[in-house]
J.: 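Structure below; questions to follow.
Read the numbers this way: they start at 1 and go in the same order the structure lists the ligands and their atoms.
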Amino acid sequence: MVKAKSYNRGYVILIATIAAFGGLLFGFDTGVISGALLLIKNDPELLINGMPQLPERTQEWIVSITVLGAAVGALSSGRITDILGRKKVLIIIAFIFAIGSVGLAAANSVAMLIIWRLIIGIAIGVASYTVPLYISELSPTHVRGALVSINQLAITVGIFASYLVDLGFANVEEGWRWMFLVGLVPSLILAIGMFFLPDTPRWLMANKGEAKARKILDKVGETNKEEVLEQIKTNIKKENKAEGSLSILKAKWVKPALIIGIGIMFLQQFIGINTIIYYSPTIFEMAGFGAESANAVYEAILPALPIGFVNVLFTIVAIYLVDRWGRKPLLYLGLIGMIIALVALGVGFTFHNSLGEALKWISFVSMIIYIPFFAISLGPIAWLLISEVYPTKIRGLGMSLATMVNWGANFLIANTFLSLGKVTTGEMPNPAGEGMLVNPGGAFFIYAVIGILGLFFVYSYIPETKGHSLEKIEEHFLSGKHPRDL
Ligand code: BGC
């Protein structure tokens with residue numbers, strides 16, 4: 001383990017904070033749709049053939065196309081960040097975010113909305129891979145964990161900010177255009193900020209020579225500079241050897257690491273987090289919030305605010321606990337809490353007929369319980385684990401594969417939530433009296449069952465990485481021992 005006595009704290013925090021605007025945009029642009037959707041689905045300009053509302057499948061596509069774009073973005077990130085450099089890629093996606101925000105705000109048809117949401121999605125996918133990579137490669141070793149976690153915090157801040165913005169424009173005519181346009185501000189901050197930041201020592205060494213890498217290490221105040229430079233050189237050599245030979249994937253030690261990364265990302269999404277992040281105002285509307293009110297949209301978005309806030313708050317708690325309690329206790333606690341909340345949601349919606357008004361509060365309380373349990377567990381820990389478990393030789397490949405699985409699974413959830421409710425439990429009357437809404441009860445039960453399977457997966461397969469250096473973890477995997485025995 002490399003220990004640094006002092007480093008250039010202010011500069012390093014500035015770097016992490018500016019780059020984390022990429023995480024903030026990831027959160028903002030995925031969260032903003034939750035409130036925007038309520039206005040979009042009823043906007044007469046977007047409706048065709050006198051339909052009363054956009055069909056659910058169309059709504060699901062508007063929400064989930066971004067996530068599909070992110071999967072594509074994540075897949076290509078490894079290569080483009082190696083070719084162009086981390087800094088250039090972050091500047092390019094900042095411009096894509098900016099142009100996308102304007103494009104979305106100006107969209108005048110469902111097709112244009114879907115195209116711009118797809119483009120923004122690609123930028124989100126690239127950001128979700130590149131920001132943690134950029135921060136970790138620029139961080140002095142002993143503060144890397146905390147600095148990388150700033151990214152997850154930024155994601156939750158972005159989601160919360162998007163809920164605030166949604167609320168602010170809920171009562172404005174065509175308010176959804178303004179909601180999207182606000183994304184322009186963080187995009188410009190990222191573009192301008194990144195312009196003044198350096199690329200990473202790791203990339204500079206591989207592409208521009210040792211002198212440049214050395215200069216940046218001096219700037220961040222890495223006190224073990226020579227050791228770090230040596231390590232970078234060795235890793236680059238190792239990777240060059242591994243490059244092009246996909247046969248490395250057949251090695252016995254590779255499989256467990258891949259299963260952990262893919263499994264934890266699958267679980268992070270199939271526990272249903274994004275039905276709450278993307279659809280919470282829709283769920284609140286189904287539960288009766290805003291029914292028969294002139295302020296219906298506002299009243300359905302309002303209860304989402306505490307959800308966004310609690311998410312931020314408990315991500316901070318997680319950053320504090322993760323190196324003290326360890327990853328596995330937090331995962332157990334989080335999963336148990338989420339399973340209970342999901343069952344309550346499932347029961348509430350399934351028995352909505354006999355519950356009446358009470359459904360509103362059951363749904364609100366269950367969701368406000370669900371979120372902190374996610375935020376202390378699968379939220380940050382899934383991303384953390386994928387940055388820890390891969391031996392250097394397959395780190396890039398493993399991380400981009402896991403990131404892609406994250407977005408792919410997210411797409412399946414976001415794209416089926418409304419329909420799944422319909423298939424499993426039938427339709428329920430819309431409390432606002434405008435036709436029928438779907439009943440999501442069955443979907444929540446499915447996520448609860450996945451949570452139970454997740455408990456077994458964590459118990460039997462996830463290693464406790466707390467307190468182990470990356471070298472130690474790598475050695476454990478290379479020796480072919482079972483991950484749980486770490
Ligand atoms: C997940 C996102 C989710 C967010 C919520 C992230 O870790 O990857 O899908 O929307 O947490 O805070």
J.: Look at atom 10 (O) of ligand 1 and find which of N274, I124, I276, I277 reaches it with the closest heavy atom.
T.: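 The nearest heavy atom belongs to N274.
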
J.: Under 6.0 Å between the ring centres of F97 and W116?
T.: no

J.: By number and element, which atoms of ligand 1 are closer than 4.0 Å to a non-hydrogen atom of W383?
T.: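 Once the distances to W383 are compared, the set is 6 (C), 7 (O), 8 (O).
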
J.: With K41, which of E60, E285, E56 fulfils salt bridge (Lys or Arg N to Asp or Glu O under 4.0 Å)?
T.: E285

J.: What residue and atom, counting heavy atoms only, is the protein's closest point to atom 5 (C) of ligand 1, and at what distance?
T.: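 Answer for atom 5 (C) of ligand 1: I159 CD1, 3.6 Å.
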
J.: If I apply the N/O under 3.5 Å rule, does Y278 come out as touching ligand 1?
T.: no

J.: Any side-chain heavy atom of T156 within less than 4.5 Å of one from L153?
T.: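 Sidechains of L153 and T156: in contact.
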
J.: Take I277 and Y163 through the test side-chain contact (heavy atoms from CB on, under 4.5 Å) and record every step on the way to the result.
T.: CA-CA 10 Å; I277 299 293; Y163 290 174; 3.8 Å; yes

J.: For N311, is the nearest heavy atom under 4.0 Å from an atom of ligand 1?
T.: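 The answer is yes: ligand 1 sits under 4.0 Å from a heavy atom of N311.
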
J.: Flag the pair W361 / F289 as yes when their ring centroid distance falls below 6.0 Å, and as no otherwise.
T.: yes

J.: Assess, by modelled atom type and distance only, whether the side chains of W176 and D43 contain a donor and an acceptor separated by less than 3.5 Å.
T.: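 Yes, D43 and W176 have a side-chain donor paired with an acceptor closer than 3.5 Å.
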
J.: At a 4.0 Å threshold, what atoms of ligand 1 neighbour a non-hydrogen atom of Q152?
T.: 6 (C), 7 (O), 11 (O), 12 (O)

J.: Out of all atoms in ligand 1, which are within 4.0 Å of some heavy atom of T156? Include the element for each.
T.: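 Those atoms are 12 (O).
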
J.: Give the residue, atom name and distance (to 0.1 Å) of the protein heavy atom nearest atom 8 (O) of ligand 1.
T.: Q268 OE1, 3.0 Å

J.: Heavy-atom contacts with G379 under 4.0 Å: which atoms of ligand 1 show up? List them by number with element.
T.: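 Contacts of ligand 1 toward G379, numbered from 1: 7 (O).
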
J.: Out of curiosity, L118 CG to L68 CG, how far, rounded to the nearest 0.5 Å?
T.: 7.0 Å

